[in-house]
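Have a look at the structure below before the remarks.
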Amino acid sequence: MDRKDLEEKYGIDLWDDQTRQDFRETLLAWYDQEKRDLPWRQTKDPYKIWVSEIMLQQTQVATVIPYYEKFIQTYPDIKSLAESNEDDLLRLWQGLGYYSRARNMRQAAQQIMEDYGGHFPKDPKEIKKLKGIGPYTSGAIASMAFDQAEPAVDGNLMRVLARVFEVDLDVKKSSNRKVFEALTKEIIDPDRPGDFNQAMMDLGATISTPKNYNPELSPIKEFDQSYLNDTWRRYPVASSNKKAKKEVYLALLVKDKDGDYLVEKRPAKGLLANLWLFPIINLEDLKQASQDPESWQVKQGALQEVLDQDQVNQVQAYFKDHYHLPSQFNQQVQGQVSHAFSHLNWSIYLLEGQVDSGQAIPDQCEWLSPDQREAYAFPKVQEKIWETYFNPSLF
DNA sequence: TAGCCGTGGCC
DNA sequence: TGGCCAAGGCT
């Protein structure tokens with residue numbers, strides 16, 4: 001995609017050389033005055049910039065900072081990350097979300113050790129080959145760590161550009177990103193590409209925000225076509241999100257005679273991969289196996305607080321099937337937990353059960369002593385279940 | 001391509 | 001409360 005495409009196919013009015021120069025100067029002067037003081041802005045170490053960029057994916061700056069500091073202390077360089085233990089790494093990442101980011105980073109660090117002699121690659125095409133690094137992160141590292149004039153197009157940058165150039169493309173549609181990349185290439189400052197990208201992002205994060213945007217406050221308003229034409233309320237064009245699917249689960253809090261609880265390491269792929277969770281049953285699975293699916297009907301958004309003996313028998317049969325342990329579950333439901341993922345809404349009912357000690361358990365399971373919780377990487381939903389279980393008032 | 005993949009904050 | 005949003009990438 002070139003200038004001609006941008007102008008003819010997408011109706012974007014590009015700037016002449018002088019305007020482009022003026023824009024760079026205005027934007028970077030603002031950035032030099034107002035840029036946020038962030039830990040990863042103290043360095044040009046590609047490793048540290050990489051760590052920060054991965055953590056910042058779909059995650060707010062304030063959330064990232066403490067995780068970043070701890071990460072750099074624990075894994076100060078590529079080699080230490082490549083040699084890390086995945087369970088340790090996930091424990092450090094616990095609570096940050098999108099856990100595949102951590103596992104991909106570890107794999108990428110090993111790639112760098114093997115394929116690049118432990119030196120972070122400089123070529124954007126090589127950078128993008130690393131696991132977990134896409135077009136945005138590749139451009140961010142190339143421009144910030146290696147001063148290459150590469151676009152780093154994230155949500156901020158698309159929003160800013162959509163407003164400045166009145167771009168009528170859906171910024172939620174990933175295929176449109178290439179248009180914003182081409183546009184960025186046209187205006188990026190070749191002398192300060194990393195600062196240019198970060199200035200655009202800072203502008204999007206602090207002034208050209210999704211909500212409560214006031215173009216009067218923008219340092220680049222005189223370059224902003226939608227401000228000059230008073231069309232800024234139309235931009236950016238963004239399609240709406242899909243609704244999260246509702247799912248209902250039973251969480252099984254299975255205690256042995258020593259007071260330990262059964263926890264299970266989740267599969268290596270999919271939701272919360274390789275993290276630890278109490279055994280959970282999707283209510284749909286239980287319904288399908290049941291002679292009386294109606295008994296599991298969730299009425300007015302809630303399961304009954306006391307199960308009948310037949311339902312308990314079904315749970316025990318399911319548990320025997322999947323975990324090969326004879327068990328005794330209580331009829332009383334111990335509490336209810338709601339947890340929202342980006343694409344799922346879970347409603348979880350807590351059911352307590354007992355098994356005899358000393359029996360063999362499946363490979364991916366362990367007995368968890370309540371005082372050893374810090375030894376495992378747990379997702380938030382597990383913490384919520386735990387808290388609710390020990391605080392019955394929350395039901 | 002579109003669905004999957006977490007969590008917290010905001011209104 | 002529910003929907004949107006936050007320095008995206010993988011499949």
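We name chains A, B, ... by the order of the sequence lines, and we start the count at 1 in each one.
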**Request:** Give, ordered by number, those residues of residues 118-149 of chain A having at least one heavy-atom distance below 4.0 Å to an atom of DNA chain C; if nothing qualifies, reply none.
**Result:** A:Lys131, A:Gly132, A:Ile133, A:Gly134, A:Pro135, A:Tyr136, A:Thr137
**Message:** Without decimals, in angstroms, what is the distance between A:Leu277 CG and B:dC5 C1'?
**Reply:** 15 Å
**Asked** From B:dT7, C:dA7, B:dA2, pick the nucleotide closest to the side chain of A:Leu272?
**Response** B:dT7
**Message:** Counting distance alone, no hydrogens or angles: does the base of C:dA6 have a donor or acceptor under 3.5 Å from a partner atom on the side chain of A:Arg159?
**Reply:** no
**Prompt:** Expressed in angstrom and rounded to an integer, what is the separation of A:His343 atom NE2 from C:dC10 atom P?
**Reply:** 17 Å
**Prompt:** C:dG3 phosphate, OP1 or OP2: any side-chain N/O from A:Asn241 under 4.0 angstrom?
**Reply:** no
**Request:** Determine the interplanar angle of the A:Phe319 and A:Tyr323 rings, folded into 0 to 90°, and report it as parallel if under 30°, tilted if 30 to 60°, perpendicular if over 60°.
**Result:** parallel
**Request:** Just jot down the ring-ring contact (aromatic ring centres under 6.0 Å, His included) partners of A:Tyr31, sequence neighbours excluded, or say none.
**Result:** none
**Prompt:** Once you round to the nearest 0.5 Å, how far does CG of A:Leu307 lie from OH of A:Tyr349?
**Reply:** 11.0 Å
**Item:** A:Arg266 to A:Tyr99, cation-pi by 6.0 Å centre distance and 45° axis angle
**Value:** no
**Asked** Between atom CG in A:Leu56 and atom P in B:dG9, what is the gap in whole Å?
**Response** 16 Å
**Request:** Give the nucleotide from the list C:dC4, C:dC5, C:dA7 with an atom nearest to the side chain of A:Ser240.
**Result:** C:dC4
**Request:** Rounded to whole angstrom, note down the P distance from C:dT11 over to B:dG6.
**Result:** 13 Å
**Asked** C:dA6 C1' sits how many Å from A:Lys172 NZ, rounded?
**Response** 11 Å
**Message:** Rounding to an integer number of Å, can you tell me how far A:Arg177 CZ sits from C:dG8 C1'?
**Reply:** 9 Å
**Request:** Whole angstrom is fine here: how far is it from NZ in A:Lys211 over to P in C:dC5?
**Result:** 7 Å
**Message:** Using the side-chain heavy atoms of A:Gln60, tell me which of these nucleotides is nearest: C:dA6, B:dG3, C:dA7.
**Reply:** C:dA6
**Prompt:** Which residue lies toward the 5' end of DNA chain B, A:Lys269 or A:Asn212, if each is placed at its nearest nucleotide?
**Reply:** A:Lys269
**Asked** Any chance the rings of A:Trp346 and A:Phe341 have centres within less than 6.0 Å?
**Response** yes
**Geometric class of the A:Trp386/A:Tyr389 ring pair [parallel <30°, tilted 30-60°, perpendicular >60°]** = tilted
**Request:** Determine the contact category for A:Leu157: base if any of its heavy atoms lies under 4.0 Å from a base atom, sugar-phosphate if only primed atoms, P, OP1 or OP2 are that close, otherwise nothing.
**Result:** nothing
**Asked** Is it true that A:Trp15 and A:Phe23 have ring centroids separated by less than 6.0 Å?
**Response** yes
**Message:** Applying a 4.0 Å non-hydrogen cut-off, can you work out what A:Gly270 is touching in the nucleic acid: base, sugar-phosphate, or nothing?
**Reply:** sugar-phosphate
**Item:** Phosphate OP1/OP2 of B:dT7 contacted by A:Tyr99 side-chain N/O (<4.0 Å)
**Value:** yes
**Prompt:** What nucleic acid atoms does A:Ala340 come within less than 4.0 Å of, heavy atoms only: base, sugar-phosphate, or nothing?
**Reply:** base
**Prompt:** Rounded to whole angstroms, how far apart are CD on A:Gln58 and C1' on B:dG8?
**Reply:** 13 Å
**Asked** Do NZ/NE/NH1/NH2 and the carboxylate oxygens of A:Asp5 and A:Lys178 come within less than 4.0 Å?
**Response** no
**Item:** Sugar-phosphate only, base, or nothing, as touched by A:Val61 at under 4.0 Å among non-hydrogen atoms
**Value:** base
**Atom C1', compared across B:dG3 and C:dA7: separation rounded to whole Å** = 22 Å
**Asked** Between A:Phe120 and A:Phe146, what is the ring plane arrangement, given parallel below 30°, perpendicular above 60°, and tilted in between?
**Response** tilted
**Request:** Just call it for A:Trp40: base, sugar-phosphate, or nothing, with non-hydrogen atoms closer than 4.0 Å on any strand.
**Result:** base
**Prompt:** Does the C:dG9 base have a donor-acceptor partner in the side chain of A:Ser100 within less than 3.5 Å?
**Reply:** no
**Asked** Looking only at side-chain N and O atoms, does A:Ser342 come under 4.0 Å of OP1 or OP2 in B:dT7?
**Response** no
**Request:** Grab the CG-P distance between A:Asn345 and B:dC5 for me, whole Å please.
**Result:** 14 Å
